[in-house]
Number of protein chains: 2
Amino acid sequence: MPKDRSPTRIQKKNRAAILEAALEVFSAHGFRGATVDQIATQAGLSKPNLLYYFPSKEAMFTALLSELLDTWLDPMREINAQGDPMEEILAYVQRKLQMSRDFPRESRLFANEIVQGAPRMLDALSRDLRDLLEEKEQVLAGWMAAGKINQTHPKHLVFSIWALTQHYADFDVQVRMLMGDEDPFDAAPEFLDTLYRRMLTPKS
Amino acid sequence: MPKDRSPTRIQKKNRAAILEAALEVFSAHGFRGATVDQIATQAGLSKPNLLYYFPSKEAMFTALLSELLDTWLDPMREINAQGDPMEEILAYVQRKLQMSRDFPRESRLFANEIVQGAPRMLDALSRDLRDLLEEKEQVLAGWMAAGKINQTHPKHLVFSIWALTQHYADFDVQVRMLMGDEDPFDAAPEFLDTLYRRMLTPKS
DNA sequence: CGTGAGTTTGACCAGTTGGTCAAATCCATC
DNA sequence: GATGGATTTGACCAACTGGTCAAACTCACG
C-alpha cells in the first residue's frame, strides 16, 4: 500500500483509474458479482497492482461510496428554504432527474446495494442521509403549513421524488425496452414537472 | 433429474421447497451473490439433491422467474377498459402497492435482475410485458382522449406507478431507516391515492 | 548517473463454488 | 416382502476468486 504522504502523480492517476473502473463494474454487477480481476482489466492494471492501492475489494467499494455519497445528496442540499416553495421543489425534481440521466452508474451502484439490504452502506446512509432528510422535511412541512403547497406526507413526498427519478436510471433497460426508439429522458422532465405541479399546487 | 412423467408426491413437495428457498436467497443476494449451498440449506435439502431436481443454478432461477412473472403482472391485467377510468387507475395503484407489501421478495428479485441489465430476464419481459403495456397504454390514451382523466404521457404514467409502488419493497431498508417506528405502508396508500387523484382529475 | 523509495507483476495459495457420479437408500407396486 | 425405479448423498473435481509475496522494474532527486 502506498505511504500516506501527499500522493504522487502516479498514485493520483491510478487511484482515480481504479475508482472509475470500480464504479463501472460494481454498478453493473453489484459487490458480490464484481471481481477484482474485472476491475483490474477495466482499469488497465494488474490485479496485484489494485491491491497495492487498496487493501481489499471491500476497501475499493467503501472508498467509492464515500466519494460518491456527497455528490449524490447535493441536489437535495440545494433546496433553499427561502426560495419559492413550488419552484424549489420542481427544481429539485429536475436536478435529481438530471442525475439519473448523467450518472446512471452511480444510481445503480446505490440501488444494487440498497435492494440487497445495504449491508455495506447502512452506516453511511444513516449518518449522512437521515439528518439531511429531517432538515428538508421541516422545510416542506413549513411550506405546507403556510399554504404555499398542498398538504401531503412530507417524507412520502421525498420518497416519491427519489423513486420517480431514480427509476429512469435503475430500470433503464426495462424503460428503454418498452419505449423503443423514443428516449425516455425526452418526455420525463415535462411529465414529472406536470405531476408535481398538479399534486402540489394549492387549491385556489 | 426426475423423469418428466406426472410428478410424484415427493417431486411436487421438493420442487416447491426449492423454489421457495430460491426466492428467499436470490431476492436477497441476486443471481451471482446466491449460492446453491445457501438455497439447499434454506430448503433443508442437500446440494446434489437440488441438482437432481434442477439441472443448474441458472435453471432454478429461470424456473422461478417464469413461475412468478405471471402473478407479478396480474394487477395490470385486471385494469378494465370498461370500468370507471379514475377508479380503475387508483385501484391498480393500490393493488400494485399491496404486492410490494405482501411480496417484497418477488419485487426485489426482479429489481436485482433489472438493475443489472436483466441478462436472464429480458426475453421473458419483452415477450410478456411489452404487449401487456401496449394494450393498457391504448386504454389509458382512450380515457385521456375522452376527457375522463387528465392528459399525460401514458407510458410515463405507468412507469410512475411501478416506480412509486415498487420503491416501498425494493428500497425497504432505506425507507424504514428514515421512517423510524412508523410503518411506511400506513400512510403510503393514502399518499398515492391523493397523488394520482390530484394528477389525473380533469380540470373542471 | 546512482540510489533508494515507489511501483509493478508472475507465481502462488487457500477457500469457495457450480456441478458430477457412483453407491446407497427409499418407496410404490405387485 | 421382493423388485425396480425414484430419491438422496458423501466424496470429489475443475474453475474461479480474493489475496499474498518476493523479486523485478521505474522514477524522482541529489
Side-chain angles (χ1 to χ4, degrees), chain A residues 1-65 112-113 116 119-120, chain B residues 1-65 112-113 116 119-120:
Chain A
M1 199 169 17
K3 310 281 180 236
D4 53 1
R5 320 193 163 215
S6 67
T8 68
R9 173 181 60 86
I10 294 176
Q11 275 172 37
K12 253 189 269 187
K13 192 190 63 175
N14 282 352
R15 267 190 72 98
I18 292 169
L19 288 178
E20 159 64 27
L23 172 58
E24 185 73 23
V25 176
F26 280 135
S27 69
H29 304 290
F31 180 78
R32 184 78 152 51
T35 73
V36 179
D37 259 319
Q38 275 180 307
I39 301 175
T41 302
Q42 181 79 28
L45 299 170
S46 70
K47 181 171 66 161
N49 205 2
L50 292 220
L51 294 162
Y52 170 71
Y53 288 101
F54 294 90
S56 69
K57 179 184 171 184
E58 181 125 13
M60 293 175 212
F61 191 79
T62 52
L64 187 58
L65 276 189
N112 254 310
E113 191 63 8
Q116 298 187 11
R120 285 160 286 269
Chain B
M1 198 171 18
K3 308 284 181 237
D4 54 0
R5 322 197 162 208
S6 66
T8 68
R9 173 182 59 87
I10 295 177
Q11 276 171 39
K12 253 188 269 186
K13 191 191 61 176
N14 283 351
R15 268 189 71 99
I18 292 169
L19 288 178
E20 160 63 27
L23 172 58
E24 185 73 23
V25 177
F26 281 135
S27 69
H29 305 290
F31 179 78
R32 184 88 155 44
T35 73
V36 178
D37 259 318
Q38 275 179 306
I39 301 175
T41 302
Q42 181 78 30
L45 299 171
S46 69
K47 181 169 69 160
N49 205 0
L50 291 219
L51 294 161
Y52 169 73
Y53 288 100
F54 294 91
S56 69
K57 179 183 170 183
E58 181 125 13
M60 291 175 214
F61 191 79
T62 52
L64 186 59
L65 277 188
N112 253 311
E113 190 63 8
Q116 299 188 9
R120 285 161 285 268

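We name chains A, B, ... by the order of the sequence lines, and we start the count at 1 in each one.
Close to D:dT7, at under 4.0 Å from its OP1 or OP2, lies a side-chain N or O of B:Y52. Close to C:dT7, at under 4.0 Å from its OP1 or OP2, lies a side-chain N or O of A:T8. For D:dA6, the OP1/OP2 oxygens have no side-chain nitrogen or oxygen of B:N14 closer than 4.0 Å. Close to D:dA28, at under 4.0 Å from its OP1 or OP2, lies a side-chain N or O of A:R9. Dashed line: the shortest gap from a side-chain N or O of A:N49 to OP1 or OP2 of C:dT7 is not under 4.0 Å. For D:dT8, the OP1/OP2 oxygens have a side-chain nitrogen or oxygen of B:Y53 closer than 4.0 Å. Of the side-chain N and O atoms in A:R32, none sit less than 4.0 angstrom from OP1 or OP2 of D:dC16. OP1 or OP2 of C:dT7 sits under 4.0 Å from a side-chain N or O of A:Q11.
Between the CZ atom of B:F54 and the P atom of C:dG18 there is a distance of 15 Å, rounded to whole Å. In this entry the distance linking CD of B:Q38 with C1' of C:dT17 reads 11 Å, nearest Å. For B:L51 and D:dT7, the CG to P distance is 15 Å, given to the nearest whole Å.
At a threshold of 4.0 angstrom between heavy atoms, the contacts of A:A59 with the nucleic acid are absent. B:A40 comes within contact range of no nucleotide atom at all, as no heavy-atom separation falls under 4.0 Å.
Put simply, the side chain of A:L19 reaches to within 4.5 Å of the side chain of A:F54, judged on heavy atoms. You'll find the side chain of B:H29 reaches within 4.5 Å of the side chain of B:Q38, heavy atoms only.
Taken to the nearest 0.5 Å, the CG atom of B:N14 stands 4.0 Å off from the OH atom of B:Y53. Atom-to-atom distance recorded for A:I39:CD1 and A:E20:CD is 11.5 Å, nearest 0.5 angstrom.
You'll find a donor-acceptor pair under 3.5 Å spanning the side chain of A:K47 and the base of D:dG19, going by distance alone.
The aromatic rings of B:F31 and B:F26 sit parallel to each other, their planes meeting at less than 30°, with 60° as the upper class boundary.
Relative to the side chain of B:S56, the nucleotides C:dG19, D:dT20, D:dA11 differ in distance, and C:dG19 lies closest. Side chain of B:S46, nearest nucleotide from D:dT8, D:dG19, C:dG19: D:dT8.
For B:I10 and B:D37, each mapped to the nucleotide of DNA chain C holding its nearest heavy atom, the one lying further toward the 5' end belongs to B:D37.
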